[in-house]
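See structure below.
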Amino acid sequence: MKRLLWIAALALALPAGAQAPTKAPKVLRVAFPIAETGFDPARIVDLYSRTVTPHIFEGLYEYDHLARPVKIRPATAAAMPEVSADFRTWTIRLQPGIHFAADPAFKGGRRELVAADYVYSFKRIVDPANVSPVVAGMLDNKIVGLKALRDAALKDKKPFDYDTEIEGLRALDRYTLQIKLEEPRPRFIEVLATGDLFGAVAREVVEHYGDAIPGHPVGTGPFKLAQWRRSSLIVLERNPDYRDRRYDFAPAPEDAEGQALMKRLGGQRLPLIDRVEISIIEESQPRWLAFQNGQLDHINVPTEFVTIGMPNGQVAPNLAKRGIRGYRTLNSDVTMTLFNMNDPVVGGYTPEKVALRRAIALAVDVEREIRLIRRGQAIVAQSPIVPHTSGYRADFKSENGDHDVARANALLDMFGYVDKDGDGWRDLPDGSPLVLRFATQPDQLSRQFNELWKKYLEPVRIRVNFEAAKWPENLKAVRAGKLQVWSLGSSAAAPDGIGALARLYGPQSGSQNLAFFKNAEFDAIYEKLQVLPDGPERDALFDRAKRIAVAYAPYKTHVHRFNNDLVQARLIGYRRPLFWQEWWHRVDIDDTPPQ
């Protein structure tokens, strides 16, 4: 009784107006293995920047987070689009009352999202001043008048004319957007659901920040950028101006995991958390240790630690005791090595140049790569098309999946790549040294792959020099056509497999097509794939496109990877997305001590 009286007296002694301690913010902690490049949707293409931007910007549509198979639903749109029978006219009505996050660019006022913002954002992609890496992809959509607008800016060397209305891209009124296409695009809604690249940007913000816009993203999404130390730390905080959106998805009735998530989180207001802290940790070991020490809430387990963290696809017992959960999925991705088709050594279309690339590809022992470096967490890729997308067939087989040193040596001998000076290494047919210049990164995993490449090339007697630079620097160089050989990975952003084929489409050279490959037959197939509805005819064209890719070998595709995700007990609601990157606002943090 005396203790209760003492507590009461202490409470009365608190200063007037004192408040109870506020609840600690919910913070999600994640890490990127590769640095971002910036947060302007018009100027990015890399996966890591594109993982941040859809949490800030919003497209007209989005993927239902829990639906399997995937479904597209409205995001800022009020309903699904009205589409003409020929798939050329798309009319979209926006929800009124959606606002951008507060920013000095708006001079203290609230800025509502309107149809004209999407017109402006789409035009920014083709503005030559932005040097957008996805400009070719936007032009592929054949929006009436958009290419002519860009061509006029290029020809006259004047600032891009944002104010001229074009037939194909119009705001019919404050909340109605109409897009007209020169050709049918049955799957154009997948473009409209790509919020990371085609989310709405306000013109006032771009004009206010100018060249500094990559560091000042302002959108209508659930988060805003609070802090950015380039290549080190990215911090997002809850957008207080975000509209009332709820956790409301549509898992299939038989989807036990999805149904359980809806039961636990359904109806709660988004975002469920207050803050996201993204650390850039390039080396695998410190990233793994940070997760083990509880400093990260989620990790895609580095391959060298898979047998420790998820042996045989199951969470290790010592981690399971801490409530850590695991998720293993075959990713919609592919790793590849590209050859610059404009390079005088590895590029070109003459028989001897094709033979060199195919010989190098045959020398690569992908099964060894999977066994030694990837710890069994991948399958051999037979083509550029990735799992879970149209055009992918698990039973498709090609030379791309072969490892045959004898055939590689025979090809090199046949086309004049022999040792002419007696130093034990092959030379070019003209007698000059054959040396590959292989771009790489200065991290431990890249060094392991470098050693493996030496082992691949030694039996075919080809010399290789490795030139290390940070990943964003290599990306910039490869887009400019300055790299000879480089390995990288790519993930699908939509269910249509044509996205993977864009890496070989001539007009996308320097954009998605980092190999600068050009082939008239391939381009014609790509363009036909764009207009055809899904069906057997389209499937057959996919297979032909894959055969051309393997025959000319501008890329050696390696593997499709398994993802082995581990999450801490405090992270609630995690589910790996398939074709979209945004999930941070759809998970919760619960630090309640276990009872």
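Using a 4.0 Å cut-off between charged nitrogen and carboxylate oxygen, Lys455 and Glu458 do not count as a salt-bridge pair. Ionic pairing of Lys454 and Glu451 is present here: one or more N-O contacts between side-chain nitrogen and carboxylate oxygen are shorter than 4.0 angstrom. Contact check on Glu282 versus Arg287 returns no salt bridge, with no Lys/Arg side-chain nitrogen under 4.0 Å from an Asp/Glu carboxylate oxygen.
A cation-pi arrangement, defined by a distance under 6.0 Å to the six-membered ring centre and an angle within 45 degrees of its axis, is absent between Lys556 and Phe339. Cation-pi check for Arg328 over Phe562 is met; the charged atom lies under 6.0 angstrom from the ring centroid and within 45 degrees of its normal.
Within a 6.0 Å sphere centred on CD of Glu283, other residues, nucleotides and ligands contribute more than 12 heavy atoms.
Partners of Val191 by side chain to side chain contact (heavy atoms under 4.5 Å, CB included), not counting sequence neighbours, listed by chain and number: Asn141, Phe188, Phe198. Under the side chain to side chain contact (heavy atoms under 4.5 Å, CB included) criterion, Asn318 pairs with Ala316, not counting sequence neighbours. Every residue two or more places apart in sequence or in another chain that forms a side chain to side chain donor-acceptor pair (under 3.5 Å) with Lys397 is listed here: Asp402.
Side chains of Thr303 and Gln377: a donor-acceptor N/O pair is absent below 3.5 angstrom, by distance only. Neither side chain, Arg358 nor Asn400, offers a donor N or O lying under 3.5 Å from an acceptor on the other. There is a side-chain donor-acceptor pair under 3.5 Å between Glu527 and Tyr505. Side-chain polar atoms of Asp565 and His298 form a donor-acceptor pair below 3.5 angstrom. For the residue pair Arg43 and Asn130, a side-chain donor N or O sits within less than 3.5 Å of a side-chain acceptor on the partner.
Between His388 and Phe579, the gap from one ring centroid to the other reaches at least 6.0 Å.
In this pair, Trp580 and Tyr63 present their aromatic rings parallel. The plane angle is below 30°, not in the 30 to 60° band.
When atom types are taken as modelled, the side chain of Gln581 and the backbone of Leu47 share no donor-acceptor pair closer than 3.5 angstrom.
For the pair Leu296 and Val30, the minimum side-chain heavy-atom distance is 4.5 Å or more.
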